[in-house]
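Below is one structure, written out as structure tokens; the observations come after it.
To find a chain, count down the sequence lines: A is the first, B the second, and so on, and within it residues start at 1. What you see is a predicted model; the values in this text were computed from it and never measured.
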Amino acid sequence: AQSVSQHNHHVILSEAASLELGCNYSYGGTVNLFWYVQYPGQHLQLLLKYFSGDPLVKGIKGFEAEFIKSKFSFNLRKPSVQWSDTAEYFCAVIPRGAGGYQKVTFGTGTKLQVIP
Amino acid sequence: EAGVAQSPRYKIIEKRQSVAFWCNPISGHATLYWYQQILGQGPKLLIQFQNNGVVDDSQLPKDRFSAERLKGVDSTLKIQPAKLEDSAVYLCASTGVPSGANVLTFGAGSRLTVL
């Protein structure tokens, strides 16, 4: 079974600082990777996803993530954070199986607080 | 398109009481998920439906939790009797592809407090 680790539980940054949130997964095969975000008072929504191709994927609001297969990582980055990026960020993985059911597994989340 | 609808948004009950949550997925989405999110943790899958059939309920505490999706559209998750540790947000999500690389669309969640 797969697992997802997010080592940063709570990150505090000042506006304009750069952001990198770590995500590592454990699974022996091919996976699809996601970052979801939950803004205060709102529901979980997709930030970006990686299925195949260019390992550097761009999402909404200036976020990007890089899939490094050798490191089993899918870290989320943003060059300059804004106060509105204050939210909780979840990494998720789903094995890319040969048909049939595959389970989505979420990490424990990272709370990002951006100070104006 | 309309989103995933959930109700109630908030529920407070005493332990040993029962509670039910309702979810209406996005129209046409065949796959429906119920997740439990305890404060400080990531969402944990409780049960997944494909149309009206159960695909995965391996983490559903079946002695107290039940879920159904009788007509393959909306779904109900029930807890009876509730325990203190059931305090959590119950998230419903849906997707239009049966398996593999799916993007989940989540509802706003139902926050349960068990006293």
(message) Counting only non-hydrogen atoms closer than 4.5 Å, does B:Leu104 touch chain A with its backbone (N, CA, C, O), its side chain (CB onward), both, or neither?
(response) both

(request) Please flag which part of A:Leu44 lies under 4.5 Å from any non-hydrogen atom of chain B: side chain, backbone, both or neither. (result)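 Both backbone and side chain.
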
(message) Can you tell me which portion of A:Gln42 sits under 4.5 Å from chain B's heavy atoms? Options are side chain, backbone, both or neither.
(response)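 Neither part.
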
(request) If a pair satisfies side-chain hydrogen bond (donor to acceptor under 3.5 Å, both in side chains) and one of its residues is in residues 3-26 of chain B, list it, with sequence neighbours excluded. (result) B:Trp22-B:Asp74

(request) Would you please name every residue forming a salt bridge (Lys or Arg N to Asp or Glu O under 4.0 Å) with B:Lys71, sequence neighbours left out? (result) none

(message) Who clusters with B:Val73? Use side-chain heavy atoms, under 4.5 angstrom, across I, L, V, M, F, W and Y, and order the result by chain and number.
(response)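 None; B:Val73 is a cluster of one.
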
(request) Describe, in one word, how the ring planes of B:Trp34 and B:Phe21 are oriented to each other, choosing from parallel (under 30°), tilted (30 to 60°) and perpendicular (over 60°). (result) tilted

(message) Does this structure show an ion pair linking A:Lys78 with A:Asp85, if we count only N-O contacts that are shorter than 4.0 Å?
(response)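 The answer is yes: the pair qualifies as a salt bridge.
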
(message) Using only non-hydrogen atoms and a strict under-4.5 angstrom cutoff, which residues of residues 107-115 of chain B touch chain A?
(response)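 B:Gly107, B:Ala108, listed by number.
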
(request) Over all heavy atoms of both residues, which pair between A:Gln6 and A:Thr108 is shortest? Give the atoms and the distance, please. (result) OE1-N, 3.7 Å

(request) Please determine if A:Lys69 forms a cation-pi arrangement with A:Phe67, meaning its NZ or CZ atom is less than 6.0 Å from the six-membered ring centre and no more than 45° off the ring axis. (result)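 No; the conditions do not both hold, so A:Lys69 does not lie above the ring face of A:Phe67.
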
